[in-house]
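What you are looking at is a predicted structure, and each value in this text was computed from that prediction instead of being measured.
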Amino acid sequence: MEIYTVKPGMTLRAFARELSSRDVLPESHSFVWLAYLTGHERDLKSGEYRFRNGMTARELLEQIVAGRVIEYPVVLVEGWTFRQFLDAIEEAPKLTHTLIGLSPRAIMERLGHKGEHPEGRFFPDTYYYSSGQTELAILANAYDKMQKLLQQEWEKRDNNLPFRDAYEALILASIVEKETGRADERRLIAGVFVNRLRHGMRLQTDPTVIYGMGESFDGNLRLKDLRRDTPYNTYTRAGLPPTPVAMSGKESLQAVMHPVVNGALYFVARGDGSHVFSATLEEHNKAVIKYQLKGKPRTSTVHDKTSTATTSR
């Protein structure tokens, strides 16, 4: 099926002639007169259109006046960073690109949110756009969707959570998003972090360390990385990191607003995507030996950690 384009500023007569020349309409005059008779001679919406075979002139005009244009998808994935969001948007072929080369700070200012850190503030979803739209339209939509969802979930949150505001809950949701892809474990993992915050324990979670390393992370997290202090290193610093470390989905947001708080302070990956949860360091060390060290204990004591390069994912 062919694509027909109404260009910005294109006149009704010019488009009618194009449709006639491409045999969509038998001739152009009747289409133009129909538009004038119905008062739509100035109502053409620019964009790309596909017309169903056998459409009448009236049906075709109604589609253009309504602006039912071809839409293209761009997929923004849960757990991606803002940089990954931008990369996906920049690869969208029909968008008008106006942000390439701009810093995250400048992009947020363009969106009308000067001074806000962009990480975590955009909702991951499939967004649809028409040819010629700018990437700002997609980002504005994703931003508004996240703010609305965050506020809705914040208002329904459990009592006595260790967050000063909704933004702190968003930060933890991003960590939960990176720690597990299992829907049945999100609330349990959120509960571990909530417990640790309540006890004044460091979160000790790898995704924050990796985020703080930026482009220097080569895919292998080493002990020296866990010891190198950055604002995002939750092994060296107490409390939450200063910003989210990824974009959170709805389920992770709900998990931190309604965590399963059952006394667990630790978790370790089994190796099959699931985790073992423990309430004491002794139980946790046994789980690390069983699932991470293949039953062979280290010569030194296993450190107090929730999830490190040796115990997560």
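- Between Asp184 and Arg182 there is a salt bridge, with a side-chain nitrogen of the basic residue lying less than 4.0 Å from a carboxylate oxygen of the acidic one.
- Of all heavy-atom pairs between Tyr211 and Val245, the closest is CD1-O, 3.3 Å.
- Lys286 has no carboxylate O lying under 4.0 Å from a charged side-chain N of Glu283, or vice versa, which leaves the two without a salt bridge.
- With respect to Lys94 and Glu48, a salt bridge is recorded, a charged nitrogen being found less than 4.0 Å from a carboxylate O.
- Under 3.5 Å, the side chains of Thr243 and Tyr232 contain a donor-acceptor pair of N or O atoms.
- Between Tyr143 and His113, the two ring planes are parallel [angle under 30°; tilted spans 30° to 60°].
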Exercise. Would Arg110 and Thr98 count as a side-chain contact (heavy atoms from CB on, under 4.5 Å) if you check the C-alpha gap in whole Å, the side-chain angles of each, and the deciding distance to 0.1 Å?
Worked result: CA-CA 10 Å; Arg110 286 272 189 97; Thr98 63; 4.3 Å; yes
Exercise. Which is it for Phe163 and Arg157 under the side-chain contact (heavy atoms from CB on, under 4.5 Å) test, yes or no, and what are the steps along the way?
Worked result: CA-CA 11 Å; Phe163 309 127; Arg157 70 189 184 280; 5.8 Å; no
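- Side chains of Ser248 and Ser174: no donor on one and acceptor on the other come within 3.5 Å.
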For this session: Please test Glu2 against Arg50 for salt bridge (charged side-chain N to carboxylate O under 4.0 Å, His left out), starting from the C-alpha separation and ending with a verdict.
Result: CA-CA 6 Å; Glu2 291 190 69; Arg50 287 193 181 97; over 6 Å; no
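- Under a 4.0 Å N-O distance rule, the pair Asp144/Lys148 does not qualify as a salt bridge.
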For this session: Tell me, with the steps shown, if Met146 and Leu170 meet side-chain contact (heavy atoms from CB on, under 4.5 Å).
Result: CA-CA 10 Å; Met146 176 59 89; Leu170 183 64; 4.1 Å; yes
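- Of the N and O atoms on the side chains of Asp206 and Tyr235, at least one donor lies less than 3.5 Å from an acceptor on the other residue.
- Salt-bridge annotation for Arg52 and Glu59: present, with a side-chain N of the basic residue lying under 4.0 Å from a carboxylate O of the acidic one.
- Linking ILVMFWY residues whenever their side-chain heavy atoms come closer than 4.5 Å, directly or via other members, places Val74 and Val77 in the same cluster.
- Criterion: ILVMFWY side-chain heavy atoms under 4.5 Å apart, direct or through other members. Under it, Tyr128 and Tyr72 are not part of a common hydrophobic cluster.
- Using a 4.0 Å cut-off between charged nitrogen and carboxylate oxygen, Arg105 and Glu109 do not count as a salt-bridge pair.
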Exercise. Which is it for Gln147 and Gln151 under the side chain to side chain donor-acceptor pair (under 3.5 Å) test, yes or no, and what are the steps along the way?
Worked result: CA-CA 6 Å; Gln147 305 321 304; Gln151 190 58 39; over 6 Å; no
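- The distance from atom CD1 of Ile171 to atom CG of Leu203, rounded to the nearest 0.5 Å, is 10.5 Å.
- Using a 30° and 60° split on the angle between ring planes, Phe51 and Tyr49 fall in the parallel class, below 30°.
- Annotation: Asp218, atom CG; neighbour count of heavy atoms from other residues, nucleotides and ligands within 6.0 Å is above 12.
- Under a cut-off of 6.0 angstrom, the local environment of CZ in Arg68 is crowded, with over 12 non-hydrogen atoms contributed by other residues, nucleotides or ligands.
- Linking ILVMFWY residues whenever their side-chain heavy atoms come closer than 4.5 Å, directly or via other members, leaves Trp33 and Leu19 in distinct clusters.
- Side-chain rings of Tyr127 and Phe122 stay apart, their centers remaining 6.0 Å or farther from each other.
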For this session: Evaluate side-chain contact (heavy atoms from CB on, under 4.5 Å) for Thr81 paired with Gln84, printing each intermediate quantity in order.
Result: CA-CA 5 Å; Thr81 62; Gln84 289 173 304; 3.5 Å; yes
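- For the residue pair Glu135 and Tyr129, no side-chain donor N or O sits within less than 3.5 Å of a side-chain acceptor on the partner.
- Side chains of Arg196 and Gln204: a donor on one and an acceptor on the other come within 3.5 Å.
- Residues Glu185 and Ser274 have side chains that never bring a donor and an acceptor to within less than 3.5 angstrom of each other.
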